[in-house]
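A short write-up of the structure that comes next.
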Amino acid sequence: MDFLRLIEETALATWVRESPSIWSFPVILLFHTFGMSLIVAVSAGIDLRILGVAPEMRLAPLEKFLPVLWIGFWLNFATGTLLLMADATMKLTNPDFYLKMAFIILSLINLRMIRKHVFRDPLIETGKFSGKARFLAWSSLFCWLVVITAGRLLAYVGQSSLYK
């Protein structure tokens, strides 16, 4: 706990948490939300196509949007680190935080599997996807739903110094 308090007491964490500037906590949270929207939009678009939405659209060109997903991921990594520093004692002792992190990891593993088993499948051009591809799409949607829900609940679960 002492180490977590040291993190919270850094000048950067204090600024994020306590500054009246709109450029601190509010804008960091806005960019975190924007990053999540990039990640989930690209992922959900791919997942929904695999599940049969917009059958006239080919899946292969959607792979070109994966760099947008990674931009969102790295934006969330940076902003999430700042938000974590501002409230480390609460977040790093909260099981909800670890649930969110676990499902982010599962989502990224799932994405890797979609890229390997769906985008590299020679049958991709037929628009007919295997049961495995459909399972990966459903599980991706579920994982991102858990990430978003757990992330949103972090503001309400546990004692936060941000809302005192």
Side-chain angles (χ1 to χ4, degrees), residues 1-51 53-54 61-116 118-119 136-164:
M1 283 301 261
D2 290 336
F3 177 70
L4 300 180
R5 281 191 204 92
L6 282 175
I7 293 171
E8 283 182 356
E9 292 171 3
T10 64
L12 181 58
T14 302
W15 176 78
V16 169
R17 185 179 57 252
E18 298 175 13
S19 174
S21 169
I22 192 169
W23 297 106
S24 61
F25 185 81
V27 168
I28 293 167
L29 188 59
L30 175 69
F31 277 103
H32 196 69
T33 303
F34 179 68
M36 181 56 69
S37 69
L38 292 176
I39 295 167
V40 174
V42 172
S43 185
I46 291 168
D47 298 336
L48 292 173
R49 177 59 202 100
I50 292 169
L51 294 172
V53 173
L62 295 180
E63 189 173 15
K64 293 177 185 173
F65 288 101
L66 289 177
V68 173
L69 182 146
W70 286 108
I71 289 168
F73 174 81
W74 290 110
L75 179 60
N76 270 21
F77 181 83
T79 57
T81 300
L82 291 172
L83 295 169
L84 176 65
M85 288 175 61
D87 204 16
T89 55
M90 188 288 271
K91 287 185 176 56
L92 291 174
T93 58
N94 187 335
D96 186 48
F97 174 78
Y98 295 100
L99 178 71
K100 177 182 175 181
M101 293 301 112
F103 273 86
I104 288 171
I105 292 167
L106 289 173
S107 296
L108 295 176
I109 292 169
N110 198 333
L111 175 65
R112 184 179 171 109
M113 292 175 70
I114 286 174
R115 196 154 192 213
K116 181 179 178 182
V118 180
F119 281 109
L136 289 170
W138 278 114
S139 61
S140 173
L141 290 170
F142 175 75
C143 285
W144 287 119
L145 177 65
V146 172
V147 170
I148 292 168
T149 303
R152 191 62 200 114
L153 288 175
L154 273 173
Y156 304 102
V157 177
Q159 286 286 331
S160 173
S161 60
L162 291 175
Y163 306 102
K164 288 180 182 173

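In what follows, residues are counted from 1 in the order of the sequence shown. Just so it is clear, the model here is predicted, and its values are computed rather than measured.
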Taking all atoms of both residues into account, what is the closest heavy-atom pair of [X] and [Y], and its distance?
X    : Y   : answer
L12  : L82 : CD2-CD2, 3.5 Å
E8   : T14 : O-OG1, 3.6 Å
A150 : L99 : CB-CD2, 4.2 Å
S140 : D47 : OG-OD2, 2.6 Å

Would a 4.5 Å heavy-atom cut-off, applied to side chains only, mark [X] and [Y] as touching?
X    : Y    : value
V16  : M85  : no
L83  : F25  : yes
R5   : T89  : yes
K100 : L153 : no
I46  : L66  : yes
V146 : F142 : yes

Would the number of heavy atoms belonging to other residues, nucleotides or ligands and lying under 6.0 Å from OH of Y98 be above 12?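 Atom OH in Y98 is packed in, count exceeds 12.
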Taking atom [atom1] of [X] and atom [atom2] of [Y], what is their separation to the nearest 0.5 Å?
X    : Y   : atom1 : atom2 : result
N76  : S37 : CG    : OG    : 8.5 Å
R152 : T33 : CZ    : OG1   : 8.0 Å
F119 : L62 : CZ    : CG    : 6.0 Å

How would you list, by chain and number, every residue that makes a ring-ring contact (aromatic ring centres under 6.0 Å, His included) with [X], sequence neighbours excluded?
X   : result
F97 : none
W15 : none
W23 : none

E9: side-chain hydrogen bond (donor to acceptor under 3.5 Å, both in side chains) partners, not counting sequence neighbours: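 By the side-chain hydrogen bond (donor to acceptor under 3.5 Å, both in side chains) rule, E9 matches no residue at all.
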Set of residues satisfying side-chain hydrogen bond (donor to acceptor under 3.5 Å, both in side chains) with respect to T79, sequence neighbours excluded: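 Scan of T79 (side-chain hydrogen bond (donor to acceptor under 3.5 Å, both in side chains), adjacent residues dropped) gives H32.
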Name the atoms and distances for all side-chain donor-acceptor pairs under 3.5 Å in residues 102-116, with sequence neighbours left out.
{"from": "S107", "atom 1": "OG", "to": "F103", "atom 2": "O", "distance (Å)": "2.7"}
{"from": "N110", "atom 1": "ND2", "to": "L136", "atom 2": "O", "distance (Å)": "3.3"}
{"from": "N110", "atom 1": "ND2", "to": "S139", "atom 2": "OG", "distance (Å)": "2.6"}
{"from": "R115", "atom 1": "NE", "to": "E63", "atom 2": "OE2", "distance (Å)": "2.9"}
{"from": "R115", "atom 1": "NH2", "to": "E63", "atom 2": "OE2", "distance (Å)": "3.4"}

L30 and F34: side chain to side chain contact (heavy atoms under 4.5 Å, CB included), yes or no, with the steps? CA-CA 6 Å; L30 175 69; F34 179 68; 5.6 Å; no
Verify, without hydrogens or angle tests, whether N94 (side chain) and L154 (backbone) share a donor-acceptor contact under 3.5 angstrom.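 No: the side chain of N94 does not pair with the backbone of L154.
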